[in-house]
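These notes concern the structure reproduced below.
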Amino acid sequence: MVDDVPLRKAGGFTLIELLVVLVILGLLAGLVGPRVMKYLSTANTQTARLQIEDLSAALDMYRLEMGRYPNSNEGLSALVEAPAGVNNWNGPYLKKKNLPIDPWGNEYQYRSPGEHGPYDIFSLGADGAPGGEGEDQDIVSWQ
């Protein structure tokens, strides 16, 4: 007899149980989120420093073969494409055969002659403006 079987209460969560779970998730995000963001910004800065070091090494190889660094007009693209009027270019001087962009999606800035040495390579950080602190700080080749 089907009528003698007690009906089972439908399974599910109550509103209170859902609110408790949301509060716990909010607390966890509040504790863990800032730490993760700190490591992310540090990783971007370190990546930019490493890319600038790689570009500097490639510029040194360029100078060994060409007898000079590329000027500001030729730019860093001289590391992957022969500049006009250059005969003894033996590149590309970068392993990936293309210019890296900084971790924030911007091109690295290049000056030659530089204000701090034979050349300056720098990234303006996350904000894309000179100066700044934290993730917005400039990452430069001369420090």
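For reference, positions follow the sequence shown, starting with 1.
In this structure, CG in Asn106 is found 9.5 Å from CG in Asp127, a value given to the nearest 0.5 Å. The CD atom of Gln46 lies 9.5 Å from the CD1 atom of Ile139; values are rounded to the nearest 0.5 Å. The distance from the CG atom of Leu55 to the CG atom of Asp60 is 11.0 Å, given to the nearest 0.5 Å. Here the CG-CE distance, from Leu59 to Met66, works out to 12.5 Å after rounding to the nearest 0.5 Å.
In this structure, Glu17 places its CD atom where more than 12 heavy-atom neighbours from other residues, nucleotides or ligands lie under 6.0 Å away. More than 12 heavy atoms of other residues, nucleotides or ligands sit less than 6.0 Å from atom CG of Leu25. Enclosure of atom CD in Glu107 is not indicated, since only 12 or fewer non-hydrogen atoms of other residues, nucleotides or ligands lie within 6.0 angstrom.
Under a hydrophobic clustering in which Ile, Leu, Val, Met, Phe, Trp and Tyr are joined whenever their side-chain heavy atoms come within less than 4.5 Å, directly or via other members, Tyr93 and Val80 fall into the same cluster. Phe122 is not connected to Leu94 by any chain of hydrophobic side-chain contacts under 4.5 Å among Ile, Leu, Val, Met, Phe, Trp and Tyr, and they are in different clusters. Residues Leu124 and Leu76 do not share a hydrophobic cluster, clusters being chains of Ile/Leu/Val/Met/Phe/Trp/Tyr side chains in contact below 4.5 Å. Taking hydrophobic clusters as Ile, Leu, Val, Met, Phe, Trp and Tyr residues chained together by side-chain heavy-atom distances below 4.5 Å, Met61 shares a cluster with Leu99.
Put simply, the side chain of Asp138 gets close to the backbone of Gly131: a donor and an acceptor are under 3.5 Å apart. Side-chain atoms of Ser112 come within 3.5 Å of backbone atoms of Pro118 as a donor-acceptor pair (strictly under, hydrogens ignored). Between the side chain of Asp120 and the main chain of Glu115, a donor-acceptor pair closer than 3.5 Å is present. For Trp89 (side chain) and Ala78 (main-chain N/O), a donor-acceptor pair under 3.5 Å exists by modelled atom type. Under a 3.5 Å cut-off, the side chain of Ser123 and the backbone N or O of Gly125 do form a donor-acceptor pair.
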For residues 47-54, which side-chain N or O atoms pair as donor and acceptor with protein atoms under 3.5 Å away, sequence neighbours left out?
from  : atom 1 : to     : atom 2 : distance (Å)
Thr47 : OG1    : Ala43  : O      : 2.8
Gln51 : OE1    : Tyr108 : OH     : 2.4

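Smallest separation of non-hydrogen atoms from Ala58 and Leu79: O-CD2, 3.7 Å. Listed here is the closest heavy atom pair of Tyr62 and Tyr69: CE2-C, 3.9 Å. Closest non-hydrogen pair, Tyr110 versus Asn71, comes out as CE2-O, 3.7 Å.
For residues 72-85, every residue pair satisfying the side chain to side chain donor-acceptor pair (under 3.5 Å) rule, not counting sequence neighbours, is listed here: Arg68-Glu74.
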